[in-house]
Amino acid sequence: MSSGSKEQLLNLSKPAFSEKQAIELVERIFGLKVSEIKPLPSYDDENFYVRVSKLEEKGEVAEEFVLKIINCEDSRNPELIEVQTRIMMFLRDEGFPVAAPHFTKDGEIMFLESIDADSAPRAYMVRLLSFLPGQTVATLPIDPSVLYEIGQLAARLDKTLAEKFRHPLVKALHRGEFIWNLANVPLLKRYISAVGQSRRLEVVEQVIQRFSVEIVPKLRSFRPCINHGDLNDHNILLVREAGLVSTSPHYRVSGILDFSDMSHGCYVFEVAITTMYMMIESKDPLHVGGHVLAGFESVVPLTTEERAALFLLVCGRFAQSLVMAAHTTLLHPENEEYLMITAKTGWEHLMMLFETGQEAVEKIWFETAKTYM
């Protein structure tokens, strides 16, 4: 998801390449022969599933990729895209289930494609990433053990980056007014008119007000790290565990997708973001936070101050997702179905959190987490 200032949002241009153009890109830039291509859903970039055929000693073999064409606005920041890609390569080397870039014919990890559109030239950064197996969390019934694993994975990812990743372009992850950084919930004031006059607007305004008073002054006390920033139910892939005899299938994480929202943040941000998105498809949303928290704290225990902030941080992420979906739908009504996925249950969950109250929700989360100790 991409978003910065209001002006950036208005100027942001989602790519609109045809399948024929995408095939030409893959063959010209990466030197691969495409045998199958189909579009994939996306927020503000354009993605294609790509299958290529290669001749080897034992005959023809097929490889699968995702062609990612990045929107105009983000393509103006090649340093950010490069460091995100370098992080993906680093994490894959560290054993995380992350896609790796396929090098261009010139040995580069990305390529800037310039085209003329509506009498104005536009440039899009292009990458070809390895295809990861699995089904998204959104399409599967997940149990507490999977939520625990996802929380654990989120903590390991942040901790590994904080302790080991070094790169001269890492400064590009300090993204100022990047709207998807959880520290920037107060910036939602610019976009809340998209929600309309309703009870929903009242709740969002309360979230922003409480966040500004109770969270913003404490931000410096939260331990910093690099956040993935978008571990949602469509960015985590699962595969069924083989060889297990059980009445119900067990799944494990097989892929982490979409590193475009990475930024410098805090450990507690990742817990909150992951909790919020795992609640979306859950039949027991109030208990999700406890399972995710237990997994996360098995790697990175939160401080007392970080735990106390968790409720409002989760509410803040709900507000970010719901407000920005409403706003971006006004700009791109043709992509409404994808943009409003979270909103289908998101508003209901945010209202439920507020009606249940912080003390009662925290009691459920913390007591659930305690059962794992």
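Since the structure is predicted, the reported quantities are computational estimates derived from the model, not experimental observations.
Contact check on R86 versus E82 returns a salt bridge, with a Lys/Arg side-chain nitrogen under 4.0 Å from an Asp/Glu carboxylate oxygen. The pair R223-E306 meets the salt-bridge criterion, since a charged nitrogen lies less than 4.0 angstrom from a carboxylate oxygen. Salt bridge status for E367 with K370: absent, with no side-chain N to carboxylate O gap under 4.0 Å.
Under the 3.5 Å distance criterion, the side-chain polar atoms of K105 are matched with a main-chain donor or acceptor of R28. A donor-acceptor pair under 3.5 Å is formed between the side chain of S254 and the backbone N or O of P133.
For F65 and F30, the ring centers are positioned 6.0 Å apart or more.
Side-chain polar atoms of N181 and N184 form no donor-acceptor pair below 3.5 angstrom. T104 and D106 share no side-chain donor-acceptor pair at under 3.5 Å. Side-chain contact, R127 with Q84: no donor N or O sits under 3.5 Å from an acceptor N or O. A donor-acceptor pair shorter than 3.5 Å cannot be found between the side chains of D284 and S282. Under the 3.5 Å distance criterion, with hydrogens and angles disregarded, a donor-acceptor pair is assigned to the side chains of S221 and E305. If you check the side chains of K68 and S42, you find no donor sitting under 3.5 Å from an acceptor. Side-chain contact, H291 with Y372: a donor N or O sits under 3.5 Å from an acceptor N or O.
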side-chain contact (heavy atoms from CB on, under 4.5 Å) between Q135 and R240, worked out: CA-CA 9 Å; Q135 295 175 255; R240 185 170 179 170; over 6 Å; no
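Between the CG atom in L25 and the CG atom in L32 there is a gap of 12.0 Å [rounded to 0.5 Å].
No single ILVMFWY cluster, assembled from side-chain heavy atoms under 4.5 Å apart, contains both V26 and I70. In this structure, I87 is not a member of the same hydrophobic cluster as F103, with clusters built from ILVMFWY side-chain heavy atoms closer than 4.5 Å.
Using cut-offs of 30° and 60° on the angle between ring planes, the pair H264 and H174 is parallel.
Between L201 and V195, the shortest heavy-atom contact is N-CG1, 3.8 Å. Closest of all the heavy-atom pairs between F111 and E113 is CE2-OE1, 3.1 Å.
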